[in-house]
There are 2 protein chains.
Amino acid sequence: MRKEYSHPIEVTMDVVCGKWKGVILCHLQQNDVLRFGEIKKLLPKVSQKTLTLQLRELEADGLINRQVYPQVPPKVEYSLTEYGKDLEATLTHMSEWGKSHVEKVELNG
Amino acid sequence: MRKEYSHPIEVTMDVVCGKWKGVILCHLQQNDVLRFGEIKKLLPKVSQKTLTLQLRELEADGLINRQVYPQVPPKVEYSLTEYGKDLEATLTHMSEWGKSHVEKVELNG
DNA sequence: TACCTTAGTTACAATATTGTACCTTCTTGC
DNA sequence: GCAAGAAGGTACAATATTGTAACTAAGGTA
């Protein structure tokens, strides 16, 4: 199951490079705690199944906590772990870079 | 062709999240200039075709320069653009995080 | 003349990742 | 009894991403 990595950045990329993982992490960074449905509203284009999958993977990799309340209807809250918070600077930096990239592309038509 | 992004981090992820792009960028960060064949040696598992593709995409996104010398046999050199260098801090941070993640996983067996 | 070299290209195959549509749970409100 | 609500699970379909293997260019070398 465990892969061989030739460079440590591959590990991070493995963990962060799902189609929605970056955005999910950013939102959790800004909101502390979010319920499943709230995340879904923040990412209107993601499907139920895929969102679940991305969250489970982030959980398995130790980036987020999944707190289940035994209620009906169910309530599940997600938040960053301490470990996930170590990525905050990186995520912020990636967002900034993305912002300037968009601006650059818009300038060059 | 241009996609709609709901969050700037998606832009960066789009640009950086190829299977080999992170490692390629890291190596270019440490070596300034590398020929195609040198990169290939640094990433023994990547195929010819995929490496070409990843490099072309990085070039199209403005992260790397592609310098072709009109010789036979051909000589092509790759290097980071100024723009690509803006990602250095991010890449370094991602590598560090990856390193500690590996250590953590090894501890928890 | 046959062969080596580097940085590709091309057609085709195999994987991996996402998405769609519909099913499930159990309790409260009407 | 019947629908609603939140957070999924499942089977199956559609894309997207990588990989394989073989082919090319053009000059130097044996």
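Lettering of chains follows the sequences in order, A, B, ..., and the numbering in each one begins at 1.
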Worksheet entry | Residue list, disulfide bond (SG atoms under 2.5 Å apart) with C17(B), at least two apart or on another chain | C17(A)

Worksheet item: So what does Y69(B) touch, heavy atoms closer than 4.0 Å: a base, only the sugar-phosphate, or nothing?
Response: nothing

Worksheet item: Who are the side chain to side chain donor-acceptor pair (under 3.5 Å) partners of Q71(A), not counting sequence neighbours?
Response: none

Practice prompt. Just jot down the side chain to side chain donor-acceptor pair (under 3.5 Å) partners of R66(B), sequence neighbours excluded, or say none.
Written response: Y78(B)

Worksheet item: Can you tell me if E96(A) and T92(A) form a side-chain donor-acceptor pair at under 3.5 Å?
Response: no

Worksheet item: Regarding S47(B) and T50(B), is there a side-chain donor-to-acceptor distance under 3.5 Å anywhere?
Response: yes

Worksheet item: Is it true that K85(A) and E82(A) make a salt bridge, defined as a side-chain N closer than 4.0 Å to a carboxylate O?
Response: yes

Worksheet, complete the sentence: Taken in chain and number order and not counting sequence neighbours, the residues that satisfy salt bridge (Lys or Arg N to Asp or Glu O under 4.0 Å) with E57(A) are K21(A)

Worksheet entry | Which residues share a salt bridge (Lys or Arg N to Asp or Glu O under 4.0 Å) with D14(A), sequence neighbours left out | K3(A)

Worksheet item: Looking at DNA chain C, which of residues 6-37 of chain A put a heavy atom within less than 4.0 Å of it?
Response: G18(A), K19(A), W20(A)

Worksheet item: Among residues 46-66 of chain A, which contact DNA chain C at a heavy-atom distance under 4.0 Å?
Response: S47(A), K49(A), T50(A), Q54(A)

Practice prompt. To the nearest 0.5 angstrom, please state how far the NE2 atom of H27(A) sits from the CD atom of E38(A).
Written response: 11.5 Å

Worksheet entry | Of all pairs that satisfy disulfide (SG to SG under 2.5 Å), the ones with a partner from residues 34-64 of chain B, not counting sequence neighbours | none

Worksheet item: Which residue pairs pass the disulfide (SG to SG under 2.5 Å) test with at least one member in residues 49-86 of chain B, sequence neighbours excluded?
Response: none

Worksheet, complete the sentence: Bounded by its outermost nucleotides with an atom under 4.0 Å from a heavy atom of chain A, the footprint on DNA chain D reads dG5(D) to dA11(D)

Fill in: Check: M94(A) main-chain N/O paired with T12(B) side-chain donor or acceptor under 3.5 Å
yes

Item to complete: Apply ring pair (Phe, Tyr, Trp, His ring centres under 6.0 Å) to W97(A) and list each qualifying residue two or more places apart in sequence or on a separate chain.
Response: H101(A), Y83(B)

Fill in: Residue met sooner reading DNA chain C from 5', once K45(A) and V76(B) are mapped to nucleotides
V76(B)

Item to complete: Could you say whether V72(B) or P73(A) is positioned toward the 5' end of DNA chain D, judged by the nucleotide with the nearest heavy atom to each?
Response: P73(A)

Worksheet item: In degrees rounded to 10°, what angle is found between the helical axes fit to the five outermost pairs at each end of the helix from dT1(C)-dA30(D) to dC30(C)-dG1(D)?
Response: 20°

